[in-house]
Each structure stands twice: as structure tokens, then as C-alpha cells.
Amino acid sequence: MENLERALNTNTLAVPAISLSAGIYGSTFTGNGIVCGFVLILVAIAIYIAILYCCKDPIKAYKFRLFHYLWLSLAFIGTGIIFAEIHKPDILSGNNLRAEYVYGTVTDIIEKASGDVITLDVHKIKWQSGDVEEFRNLRISVKCVGTDAACSVGDNIKFPTTITTIRDNPNSFSSGYKRVMNSKGFYYTCNVYGRNIHIEKHVLSLMSVSRKIRDNLEICIENTRLSKETQNFLITVLLGDRSYLDPSTRETFADAGVAHVLALSGMHMGIIGGVFLFILFPFNFAGRYKTRYILAAIMLWIYAFITGMAPSTIRACIMVSFAAIAIVLERKRYVFNSLFAATFIILLFSPFTLFDIGFQLSFICVASLAAFASHVNPFGPKNNPILYRIASLFSATLVATFGSWVVTTYYFKSFPLAFIPANIILLPILPLYISLAIINFLLVQCGIDMSSLNWILDSTFEKLKTFLEWIGNGNAIHLEISYGTLILWITGLVLIGLFFNLRRWRPLLFTGIALIIISISIIPLQADRISDNSFIITNNYRQVAINVKKGNGEQMLLMDKGKISDTRIGLSRIIAIDCNLPKTITPCKCDYLVIAGGYKGNIADICETFNPSLIVIHPSVRRKRENSYMIEIMNLGIECHSIRQNNPLKVTI
């Protein structure tokens with residue numbers, strides 16, 4: 001109990017941060033969050049008054065001291081529920097909703113070759129029925145079809161469109177897109193043509209200033225003599241704009257288990273912060289080392305502002321700010337208290353950031369490093385400082401991956417086996433590489449173009465990419481992690497962390513290890529796996545296309561247009577007919593008969609020829625003909641599936 005009290009006194013923001021998170025998470029299960037939140041706050045006030053009344057005697061006050069954490073927890077749980085209810089996303093009634101005009105403010109623009117993607121905070125929608133509906137918290141992902149956005153961040157715009165609910169791709173076995181988008185606050189999407197976007201008002205906001213600065217810096221990087229691939233990589237890792245990176249490079253980093261390098265995180269902020277401290281090193285000669293840390297923290301906040309203020313960068317900046325304040329005040333620095341402070345501040349202003357995958361991974365990685373890194377390192381910082389720093393690179397990689405791999409696998413359904421060697425090679429090189437890139441960028445701005453430095457940056461990136469392609473090729477395994485497994489794993493980590501950092505009580509260690517072993521053991525028992533040769537007859541309008549599950553990936557089979565195609569997938573025989581029946585054809589039996597738009601005959605003839613178990617009507621068949629086909633099929637007593645009406649046909653084995 002004394003160790004717990006000491007830990008809570010040291011990490012004063014632990015209880016508020018954890019309680020606020022619990023309240024936000026609990027808000028998803030409460031019917032009326034505002035009422036529940038206020039009830040909890042009133043209960044907390046009542047407990048506080050009762051403690052004050054019972055603790056007039058100093059001895060009783062000492063005995064009841066830990067009860068103060070009870071009312072404090074209830075108060076912040078209630079606060080979390082109320083804040084989550086206030087920021088709760090608005091829900092639209094229906095799936096495909098046609099709007100005469102959608103009115104909103106542009107908060108972000110992602111530039112893509114296929115068309116820009118706008119993040120829009122919707123103010124109101126005028127439906128085609130004439131009704132006007134206003135919204136408080138509605139965010140929509142707007143895809144500009146084959147064109148640029150024709151607007152800027154901060155602009156108030158309007159456009160006609162059809163709003164649809166975000167769903168996983170029905171033509172693929174992989175899932176998670178909906179979950180990832182929902183975690184970022186996106187529940188709806190729509191398509192719009194650039195010419196249909198009308199700018200109502202240009203607004204100069206802080207984020208528009210940030211975007212403009214970032215665009216100018218991207219142009220400066222593109223004006224260097226580096227190769228295009230190197231430029232795109234540097235724009236991604238320095239400015240956080242992943243739209244420049246081609247899909248093949250992203251896939252290469254993901255397969256090797258180093259995709260976190262491409263997302264701005266605490267690691268990047270640490271590297272940039274180290275560069276700032278190096279630049280400000282002359283302050284030490286003047287005896288102004290405190291000023292040096294304060295200026296570095298301010299510069300880091302400016303950098304976070306320019307890169308878009310992602311939750312992971314805000315978390316890093318808050319932790320750095322607390323560390324700088326501790327140095328100035330000459331107080332001891334506590335990593336966990338800084339982490340809880342950053343979590344509390346972020347969730348207070350943006351409660352649903354709790355469900356953001358980037359925020360979760362960032363928190364777990366930092367918490368794992370703080371809890372386990374020093375215990376895993378075989379060398380001491382005082383006895384062997386050089387070996388300690390070298391070993392820290394490896395221990396940090398192992399600890400961060402060990403803590404976060406279950407979360408990553410839960411969301412993305414795959415686990416790269418090559419993550420350890422890939423991270424061990426890449427992470428020590430990355431700080432030096434980014435530092436050289438910044439030096440090269442500054443020299444170019446001063447009119448100095450060093451071809452040797454350009455060659456080093458280009459060749460290093462090319463060799464790193466080749467290494468990642470080699471080590472990540474075929475080394476990712478597909479895993480289905482349940483929510484229960486995720487909870488067991490995190491609970492086990494927390495218990496082991498408490499053992500190492502709070503109290504060396506063996507039951508904590510044994511229970512934590514047991515939970516981790518159980519969580520790993522039940523992974524093979526989870527039955528949501530999709531076997532090879534499962535397939536999907538997709539809703540491709542141009543021709544009959546079948547997506548087949550093969551190992552960790554999928555293979556697309558395209559049936560010939562204007563012909564009769566016959567294929568076998570496992571034990572299933574599939575025939576696709578996209579033409580009239582020839583005069584001479586050998587009758588046969590098939591499991592699935594796909595009727596495409598090229599067939600103009602009647603159902604009885606092809607049923608007599610192919611004797612199908614199930615008939616699939618492809619969306620290339622006109623609606624009027626499809627309706628008549630369905631009546632014929634029903635009269636024949638054969639099972640029928642319309643892709644247009646019932647979505648793609650998914651057959652799992």
C-alpha cells in the first residue's frame with residue numbers, strides 16, 4: 001500500500017488521466033451520458049464532503065487519505081463521460097443519402113494522384129427533399145473524383161453529393177478500413193467533382209497557415225537534386241505528408257515491420273528535438289543551458305504545428321515541455337507523469353482521440369519503454385555508459401514492439417516476422433539520415449548544393465529499401481486477434497510493469513506472465529480465419545471478376561468478356577456466361593453460374609445446359625432484364641443471388 005501511495009504521489013496525473021480515459025470509453029455504453037456524468041460528479045462531491053466530515057481528527061484523516069482517490073476518480077470518470085457526449089459524432093439516418101448541398105469547413109486536404117481527399121467539418125445539409133439539418137459534430141471524408149480540391153484549408157464550401165456510410169471493401173477478404181476510419185472520427189464519405197465545389201468564404205485559420213507553410217517546405221524539398229523517391233520519403237518522415245509516398249514503398253515498410261517510421265511519432269520528435277538541441281548547443285558556453293531546453297521545446301511545438309498537430313506529436317511535445325520545465329525548476333523528471341499529463345490534456349480537448357490507432361500505439365510504446373527498457377538493458381548507465389547507449393537501441397526496439405504488436409495485429413490483421421532485424425538495422429541509421437537530410441536542406445536554401453551529400457542520401461535510401469524488400473518478402477503472417485486477447489495481453493503487461501516499477505510482489509509477475517501466455521495460446525483457437533480457395537464474385541461492372549484467397553494475399557481472376565468462361569477454385573466449379581449459347585455445347589454441371597450482360601437468352605436454356613446449384617446475376621445485366629431473370633429463376637426453384645441487390649457473393653471455406 002505504501003508503494004502504491006508513493007507511486008500515486010509521484011505521478012499526480014495518473015488518476016485523472018486513467019479516470020478520464022475510463023469515462024470516455026464508458027460513454028460508449030451509456031444511454032444518456034450527460035445525466036450519468038453529472039450523477040457520478042455529484043456522488044464524488046458527496047464522498048468528498050463525507051470524508052471531510054469524518055476526518056476532523058488528524059488520525060482519522062491519515063487513515064482515510066487514500067479514499068480521496070475514490071472521489072477524484074469518480075469525478076474525472078463523470079467528466080470523461082460528459083466530454084465524450086458533447087463531442088459525440090452526429091449520426092445520419094440511412095446509408096445512401098442524397099444532398100442538394102452539403103455546407104462545411106475544410107480542415108485538411110490530402111493530395112493524391114487519383115484525386116484529393118478533403119476532411120470536411122459539416123455545418124448543415126440541405127437534403128433533396130428540401131429539409132435543412134444542422135450538425136455540431138459531423139466529419140465527412142470527401143473524395144474529389146480525378147481532380148484537385150479547388151479549395152484551401154479553412155474555406156467554407158458547399159457542393160451537391162450523395163453521402164454513404166463507410167464500409168469495408170465488399171470485394172476483399174481483408175477488413176479493418178471501417179474500424180480505422182471510425183477511430184479517426186470518420187463514419188461517412190462522399191464523392192464530388194471539383195467543378196461542383198463552390199467556395200462560400202475564404203477563412204484564414206491557424207491550420208490553413210500550417211498547411212501553407214507545409215506546402216512551401218514540400219516545394220523546397222522537391223527543388224533539391226535528390227531522386228524523386230528520396231524526396232517523397234523525406235516529405236513523409238519530416239513533414240508527415242504520406243500522400244507523396246507510393247503504395248509499393250508503404251507496402252515494403254509494412255511487410256518489414258517498420259511502417260511506424262512513415263508516421264510522425266515520438267521517435268521523429270525525439271530526432272528533431274535532438275537536432276534542435278545540437279543547433280542550440282552554443283547556449284551552454286554562455287551558461288544558459290536552461291534557456292537552451294526551453295527554446296528547443298518551443299521549436300518542437302512550432303514543428304508540431306507545421307506538421308499538422310497529430311496526437312502523437314502533441315503527446316511528445318507535452319512530455320518534452322514537462323521535461324524542460326523540470327530542468328528549469330531543477331526538479332526530478334518522471335516519464336510516467338509526463339505521459340499521463342499529455343494523455344489528460346489531449347483527451348480533455350479531443351475525447352475521441354482515445355480511439356485513434358495512432359494515439360493508442362504511441363501511448364503503449366512510450367509506456368512500454370518507460371516500464372521495461374531499463375530492466376531489459378543488461379548494462380548500467382553509470383558503469384558502462386557507452387555499452388548502455390548501444391544496447392538501448394536494441395532494447396528499445398524489442399520493448400516497444402513487444403508492447404504494441406498485439407494492438408497492431410488486432411487492427412491490421414497481420415504480423416511481420418522480420419520486425420526485429422529490420423528495426424535493429426533501420427532505427428540506428430534513421431537519426432543520422434534525417435540529420436544529414438536537414439543539413440542538406442539548409443545548405444540548398446543557402447545556395448550550396450553538395451552532390452556528394454545528395455548521393456549519400458539517395459544511395460542510403462535505395463539500399464535500405466532493397467534490404468527491407470528482401471527481409472520483408474513473404475515474412476508477414478495473417479493473424480486474427482480478438483478483443484479479449486487484446487485485453488488479456490495489455491492486462492498482463494500492466495501487471496508485469498507494476499512488478500518492476502511499483503512492488504516486487506511475485507504474484508503480480510506470475511499473474512502477468514500467465515495472462516500473456518493465455519492470450520498467445522488462444523490465438524490459434526480463434527476461428528475467424530479464412531481458408532485458401534475461398535472466393536468473392538465481385539461487383540465489378542465491366543466484367544466478371546473473382547477474388548480468390550491465397551495465403552496472406554488475394555488473387556483476382558478475370559473472366560473473358562463476350563465468352564463462356566469455365567474455372568475451378570478448389571472444389572467449386574464456376575461458369576460465367578457473357579454471350580448467347582452456341583449451337584453446339586456439351587452439357588455439364590456447375591456449382592455457380594454467373595450471368596453477365598452479354599447473355600440475352602432465357603434462364604431455362606442455360607439451366608438445362610449447365611445445371612447450376614446457384615445462379616449469380618452480375619451487375620452488368622440491365623435492371624429490367626435482371627427482374628425478369630429473377631422471376632424465371634424463382635419459378636424454376638433454383639437459388640439466386642443478385643450482386644446489385646445483395647452485394648458481392650462471398651464463399652468461405
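Just so it is clear, the structure is predicted and the values come from calculations on it, not from any experiment.
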Side-chain heavy-atom pair [X], [Y] within 4.5 angstrom cut-off:
| X | Y | answer |
| --- | --- | --- |
| Phe340 | Val15 | no |
| Ile118 | Cys151 | yes |
| Arg139 | Tyr187 | no |
| Val142 | Phe159 | yes |
| Phe344 | Leu20 | yes |
| Tyr483 | Tyr410 | yes |
| Cys317 | Met269 | yes |
| Asp90 | Val122 | no |

How are the rings of Tyr101 and Tyr103 set relative to one another: parallel (under 30°), tilted (30 to 60°) or perpendicular (over 60°)?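 Tyr101 and Tyr103: tilted rings.
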Can you tell me which residue among Leu493, Ile364, Leu486 is in a side chain to side chain contact (heavy atoms under 4.5 Å, CB included) with Val406?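 By the side chain to side chain contact (heavy atoms under 4.5 Å, CB included) criterion, Val406 pairs with just one of Leu493, Ile364, Leu486: Leu486.
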To the nearest 0.5 Å, what is the distance between [atom1] on [X] and [atom2] on [Y]?
| X | Y | atom1 | atom2 | result |
| --- | --- | --- | --- | --- |
| Thr189 | Lys178 | OG1 | NZ | 13.5 Å |
| Phe83 | Ile24 | CZ | CD1 | 9.0 Å |
| Leu40 | Phe76 | CG | CZ | 13.5 Å |
| Ile496 | Thr491 | CD1 | OG1 | 11.0 Å |
| Ser21 | Ile77 | OG | CD1 | 10.0 Å |
| Asp108 | Thr119 | CG | OG1 | 4.5 Å |

Side-chain ([X]) to main-chain ([Y]) donor-acceptor, under 3.5 angstrom:
| X | Y | result |
| --- | --- | --- |
| Thr161 | Asn191 | yes |
| Asn182 | Phe186 | yes |
| Ser350 | Leu347 | no |

Under the rule for side-chain hydrogen bond (donor to acceptor under 3.5 Å, both in side chains), what residues qualify as partners of His123, not counting sequence neighbours?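 By the side-chain hydrogen bond (donor to acceptor under 3.5 Å, both in side chains) rule, His123 matches Thr105.
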Derivation of the side chain to side chain contact (heavy atoms under 4.5 Å, CB included) call for Met319 and Leu339: CA-CA 6 Å; Met319 293 185 69; Leu339 180 60; 4.0 Å; yes
